[in-house]
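To start, the structure under review is shown below, and the notes come after it.
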Amino acid sequence: MAKILDGKAVSAHVREQVKAEVEALAKQGVPVGLAVIIVGDDPASRTYVNNKKKACAAAGIRSEEYALPAETTQEELLALVETLNKKPAVNGILCQLPLPAHLDEKAVIAAIAPEKDVDAFHAVNVGHIMIGDYAFLPCTPAGIMEMLRYYDIDIAGKNCVVIGRSNIVGKPMAMLLLQQNGTVTICHSKTRDLAAHTRNADILVAAVGIPHFVTADMVKAGAVVIDVGMDRDENGKLCGDVDFAGVEPKASYITPVPGGVGPMTIATLLKNTVTAAKQQNGLL
Ligand code: GUN
């Protein structure tokens with residue numbers, strides 16, 4: 001039986017710390033503000049944005065939402081980013097991805113001022129992460145690291161296998177595990193004999209986006225299993241990339257979906273927004 005990595009509980013702990021910091025900053029005359037941009041009406045994005053705004057409010061961070069119609073042009077979106085870059089009351093800018101297909105995500109990320117890039121998606125911040133010298137950490141991977149730290153799970157020397165190579169999760173996750181001296185393998189859709197890799201993992205991170213992709217036969221006994229998936233099963237119910245019922249008895253630790261990685265992503269976003277406010281006010 002695995003121990004559950006309770007993202008809700010750990011994130012509540014982090015959010016309390018953030019709240020105390022936001023209060024202390026307010027006393028110094030430094031309010032903390034986040035701008036959230038959402039384009040179109042993707043229901044999953046709407047849910048994520050609502051959760052982020054709610055978490056901001058609970059932590060005392062002022063958030064302003066820019067909900068743009070799906071037909072928004074690249075020029076209009078870039079003009080908004082430019083305005084927010086210059087707005088002193090906005091410490092962090094988050095543009096919820098994915099954007100509608102006609103918009104150029106890379107150009108939008110590149111337009112966000114690196115010092116306000118609380119997602120850590122800008123090439124400058126990605127570069128900082130590569131060399132281990134950063135202000136902002138990417139929200140989902142950093143949230144996972146925080147959770148591993150909270151449960152005293154050692155990474156040094158461990159075989160860490162990340163399934164998925166996205167810029168949002170897979171690649172930065174691998175970098176953070178490497179920084180903590182893990183021996184890291186990144187697997188993806190072209191990997192041959194994926195199960196041979198995953199069965200070797202002491203720490204397995206699944207970020208594939210396919211419901212129940214990781215089954216018990218792919219997991220080593222005693223592994224730590226982290227599920228980044230936010231998928232829908234055949235009945236439309238929220239589930240992860242890991243077949244929880246099958247894998248849980250074999251793992252030493254496992255994250256549930258929901259209540260695992262998701263809440264940690266939001267906690268890191270709040271931390272990054274506070275960091276941005278401090279940096280912009282010469283407090284770091
Ligand atoms: N879409 C899925 N995850 C994320 C995230 O962490 N940040 C943003 N901006 N968009 C996302």
Side-chain angles (χ1 to χ4, degrees), residues 7 11 14-15 34-56 61 63-68 70 72 77-78 80-81 84-85 90-101 103-114 116-126 129 134 136-147 162 164-176 205-210 226-232 238 240-241 255 257-258 260-273 275-276:
S11 102
V14 175
R15 284 159 61 163
L34 175 71
V36 182
I37 306 172
I38 176 169
V39 186
D41 45 19
D42 176 63
S45 289
R46 172 40 70 195
T47 305
Y48 296 144
V49 164
N50 287 350
N51 289 341
K52 288 170 183 178
K53 282 167 49 191
K54 238 193 275 175
C56 278
I61 295 174
S63 71
E64 43 191 72
E65 178 183 298
Y66 296 86
L68 306 181
T72 300
L77 182 52
L78 291 176
L80 171 61
V81 169
L84 297 173
N85 280 343
V90 167
N91 303 112
I93 302 171
L94 178 148
C95 180
Q96 187 65 31
L97 304 180
L99 290 170
L103 294 171
D104 179 354
E105 253 170 38
K106 273 191 186 163
V108 175
I109 291 168
I112 295 174
K116 294 193 176 186
D117 170 37
V118 285
D119 268 320
F121 289 166
H122 191 287
V124 164
N125 289 320
V126 174
I129 292 156
Y134 40 72
F136 305 129
L137 285 171
C139 296
T140 298
I144 292 169
M145 297 305 280
E146 178 102 35
M147 193 152 55
V162 180
R165 55 175 156 180
S166 71
N167 289 332
I168 296 182
V169 182
K171 285 188 218 167
M173 184 76 247
M175 287 313 304
L176 298 190
V205 181
V208 217
I210 302 173
I226 309 288
D227 191 346
V228 184
M230 290 283 261
D231 313 316
R232 298 275 163 189
L238 183 65
D241 290 348
T255 60
V257 176
V261 172
M264 294 307 300
T265 298
I266 295 185
T268 311
L269 169 69
L270 302 179
K271 275 175 79 164
N272 284 348
T273 306
T275 301

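Just so you know, ligand 1 is whichever comes first in the structure, and atom 1 is the first atom listed for that ligand.
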task: Run down the list T268, I168, I266 and name the one with the heavy atom closest to atom 3 (N) of ligand 1.
output: I168
query: Under 3.5 Å, side chain of K116 to main-chain N/O of V90, donor-acceptor pair present?
result: yes
message: Please list the nearest protein heavy atom to atom 11 (C) of ligand 1 with its residue and the distance rounded to 0.1 Å.
response: Q96 NE2, 3.4 Å
message: Quick check against the 3.5 Å criterion: does N125 have a side-chain atom that pairs as donor or acceptor with the backbone of L137?
response: no
query: Between F121 and ligand 1, which part of the residue brings a heavy atom under 4.0 Å of the ligand: side chain, backbone, both or neither?
result: side chain
- request: Give a yes or no on whether the backbone of V208 and the side-chain of D241 come within a donor-acceptor separation of less than 3.5 Å.
  value: yes
- prompt: Counting only heavy atoms, which portion of P98 has something under 4.0 Å from ligand 1: side chain, backbone, both, or neither?
  reply: neither
query: If you measure from each heavy atom of C139 to ligand 1, is any distance below 4.0 Å?
result: no
message: Test your reading of the model: is there a side-chain donor-acceptor pair from E146 to the backbone of M264, 3.5 Å cut-off?
response: no
query: Does K52 have a non-hydrogen atom less than 4.0 Å from ligand 1?
result: yes
field: Under 3.5 Å: donor-acceptor pair, side chain of D117, backbone of I109
entry: no
- request: Give the residue and atom name of whichever protein heavy atom lies nearest to atom 7 (N) of ligand 1, and the separation in Å to one decimal.
  value: D119 OD1, 3.0 Å
field: Closest to atom 2 (C) of ligand 1 among L269, D117, L97, V169 (heavy-atom distance)
entry: L97
Test: E65 and R46 ion pair at under 4.0 Å: yes
